[in-house]
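These notes concern the structure reproduced below.
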Amino acid sequence: MILRKILIANRGEIAVRVIRACRDMGLATVAVYSECDRAARHVRMADEAIAIGPSPPRESYLRIDRILDAARASGADAIHPGYGFLSENEDFAAACRDAGITFIGPTAEAITLMGSKTAARRAAMAAGVPVVPGTEEPLAADVPDALIVERARQIGFPVMVKAVAGGGGKGMRVVSSPADLPSAIRAARSEAGAAFGDSTIYLERRLERPRHIEVQLLADHHGTVLACVERECSIQRRHQKVIEETPSPVVSPEQRARLTTAAAAVAASVGYTNAGTVEFLLDEQGRFYFLEVNTRIQVEHPVTEMITGVDLVTWQIRIARGERLDVPADQLLVPRGHAIECRVYAEDPDAGFLPSPGRITSLRIPSGPGIRDDGWAETGTDVPVFYDPLISKLIAWGADRPQAIARMRRALMEYEVRGIRTSLPFFQWMLRQPSFVSAEFHTEFLDELLQRRAGEGFSDIDPSVEEVAAIAACIADVEGGEGTLKPVLSASARVAADSSDRPGRSWKDRARLEGLRG
Ligand code: MV4
């Protein structure tokens with residue numbers, strides 16, 4: 001099949017990433033955009049751009065009708081959904097197919113099947129892949145509590161109540177004793193009903209402090225399914241991944257062979273096509289259990305690209321146009337070095353990771369050996385309040401894990417974002433944590449670590465101090481050396497500024513010192 005023009009039904013860094021792949025392949029691109037994104041990077045980067053509505057996602061990036069109208073109007077013959085938004089919406093995949101437009105992703109049927117966590121579990125079991133012990137059938141609203149308590153006793157406490165239509169931690173409850181089960185079921189059902197329009201739940205035994213390991217797959221329309229070296233995604237905050245790396249520091253080559261074989265078996269058994277990811281939990285004894293399947297390209301796909309040398313987005317497009325997946329299996333299964341990704345968010349780590357939208361007044365993106373930055377922001381970019389506040393993914397590659405960590409630390413030092421707060425200070429701190437360096441972590445590690453820190457700050461210097469200090473330095477100059485702004489600066493700002501008393505630094509450091517010292 002010949003594809004000439006691709007519409008990207010997304011925004012931000014993933015839209016930019018897909019446009020880059022299209023350009024590499026000589027394909028024309030169509031961007032779509034909401035009101036607040038009219039001047040965004042993905043819009044200026046694409047060959048054409050079409051407005052699809054107001055800023056709230058429900059009125060633009062989630063509007064199947066408007067996106068299909070844009071595809072028809074521009075003559076696009078395929079749509080790449082990116083991640084989030086409509087990427088795992090079976091109705092969207094079906095609507096594209098019905099309109100004669102290639103959906104760059106799995107079939108609507110595969111999305112539907114994997115969207116049901118109990119159906120996915122059954123598929124894994126049928127493929128001979130271990131699943132966490134739990135209920136095989138979904139528990140609809142008419143199943144009485146007494147029966148569910150009985151099932152929980154058989155499974156063994158603690159159990160997890162999960163939403164059948166869920167994933168990513170939404171509508172999930174941990175229950176330690178039978179007495180607490182009925183209220184947890186009620187809560188999980190109502191949360192699931194509100195979030196997914198389906199209040200069906202199921203139970204699983206709760207694993208203690210598991211690691212989250214996932215396997216990237218590519219599958220073509222000729223029966224070839226290839227698995228990639230696993231990714232370690234245990235460092236999460238409230239079910240949001242924060243740092244990902246590959247290979248997992250704890251997975252042996254033998255374990256890797258078992259994990260990747262299991263992942264490919266699940267995909268093959270359901271006739272899965274395009275890119276996807278099989279998630280596993282790894283317990284403290286080193287046993288792994290199937291968790292769920294993500295039927296989209298994932299945020300963290302670049303770390304896999306760095307150690308395998310394959311372009312996953314390019315392969316999504318090549319598979320969609322019917323090409324054979326002619327990559328040597330070994331290339332995907334043997335790690336070439338080590339890669340780590342930090343998700344740089346417009347949020348304030350010193351204020352409980354609250355979103356920090358606004359204008360980026362200046363931006364310096366790191367580069368140099370082993371560094372890749374997948375982003376979309378520029379100096380002057382307004383980070384909107386309406387969407388996920390991800391501004392870039394900073395990826396470091398090294399010949400081994402220590403080198404990847406060293407390069408990540410170096411890149412974090414080079415990274416400078418002014419005007420808004422970002423999670424960069426958090427990463428500066430995290431990359432120096434002994435438990436991160438020794439890779440002794442699990443899925444509850446970060447939330448526990450943050451709880452212990454009890455809101456202690458990450459930023460060793462308030463960025464506004466630099467600006468205030470620069471102004472103070474100018475005033476001090478004009479007034480003949482008396483820094484009149486000194487009294488308005490907080491004690492901690494003065495300490496921070498004084499501690500930067502190092503010779504031969506930038507004009508900013510000198511301004512800071514002169515301004516504060518008067
Ligand atoms: C679990 C679990 C322990 N036992 N299931 C959270 C997100 C959703 N995809 C599944 N999740 C979990 N399921 C059982 N039976 C622990 C988690 C979990 C988790 C999983 C992956 C990454 C981070 C996590 C953080 C807390 C809990």
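Count residues from 1 along the sequence. Atoms within each ligand, like the ligands themselves, are counted from 1 in listed order.
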Sub-4.0 Å atoms of ligand 1 with respect to non-hydrogen atoms of [X]:
| X | value |
| --- | --- |
| L291 | 10 (C) |
| E204 | 5 (N), 14 (C), 15 (N) |
| K162 | 1 (C), 5 (N), 10 (C), 13 (N), 14 (C) |
| V132 | 15 (N) |
| H212 | 21 (C), 22 (C) |

Problem set entry | Option passing side-chain hydrogen bond (donor to acceptor under 3.5 Å, both in side chains) with T277 (candidates E300, Q298, H301) |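 Of the listed residues E300, Q298, H301, the side-chain hydrogen bond (donor to acceptor under 3.5 Å, both in side chains) partner of T277 is Q298.
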
Taking [X] for its side chain and [Y] for its backbone only, find out whether a donor-acceptor pair lies under 3.5 Å.
| X | Y | value |
| --- | --- | --- |
| D348 | D350 | yes |
| N10 | P81 | yes |
| E88 | T295 | yes |
| Q216 | T304 | no |

For this session: Could you tell me if any non-hydrogen atom of E208 lies under 4.0 Å from any atom of ligand 1?
Result: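 No, E208 has no heavy atoms under 4.0 Å from ligand 1.
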
Exercise. How close do Q236 and C233 get, heavy atom to heavy atom, and via which atoms?
Worked result: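 Smallest interatomic distance, heavy atoms only, reads NE2-O, 3.0 Å.
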
List the closest protein heavy-atom neighbour of [atom]: residue, atom name, distance to the nearest 0.1 Å.
| atom | result |
| --- | --- |
| atom 8 (C) of ligand 1 | G169 N, 3.6 Å |
| atom 4 (N) of ligand 1 | L207 N, 2.9 Å |
| atom 17 (C) of ligand 1 | M172 CE, 4.3 Å |

Problem set entry | Test item: side-chain donor near acceptor, R237 and Q240, under 3.5 Å |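 No donor-acceptor contact under 3.5 Å links the two side chains.
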
Exercise. Do S423 and E347 have side-chain N/O donor and acceptor atoms under 3.5 Å apart?
Worked result: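 No.
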
Exercise. Of K393, R231, R343, which meets salt bridge (Lys or Arg N to Asp or Glu O under 4.0 Å) against E244?
Worked result: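 Testing each of K393, R231, R343 against E244, the sole residue satisfying salt bridge (Lys or Arg N to Asp or Glu O under 4.0 Å) is R343.
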
For this session: Counting heavy atoms only, name the option from M160, R205, E292 that's nearest to atom 15 (N) of ligand 1.
Result: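 Ranked by closest heavy atom to atom 15 (N) of ligand 1, first place is R205.
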
Exercise. Hey, looking at atom 18 (C) of ligand 1, which of H442, Q236, H239 has the closest heavy atom?
Worked result: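 Ranked by closest heavy atom to atom 18 (C) of ligand 1, first place is H239.
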
For this session: Check each heavy atom of L281 against ligand 1 and say whether those closer than 4.0 Å belong to the side chain, the backbone, both or neither.
Result: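 The answer is the side chain.
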
Exercise. Does the N or O separation between T443 and ligand 1 drop below 3.5 Å for any pair?
Worked result: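 Among all N and O atoms of T443, none is under 3.5 Å from an N or O of ligand 1.
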
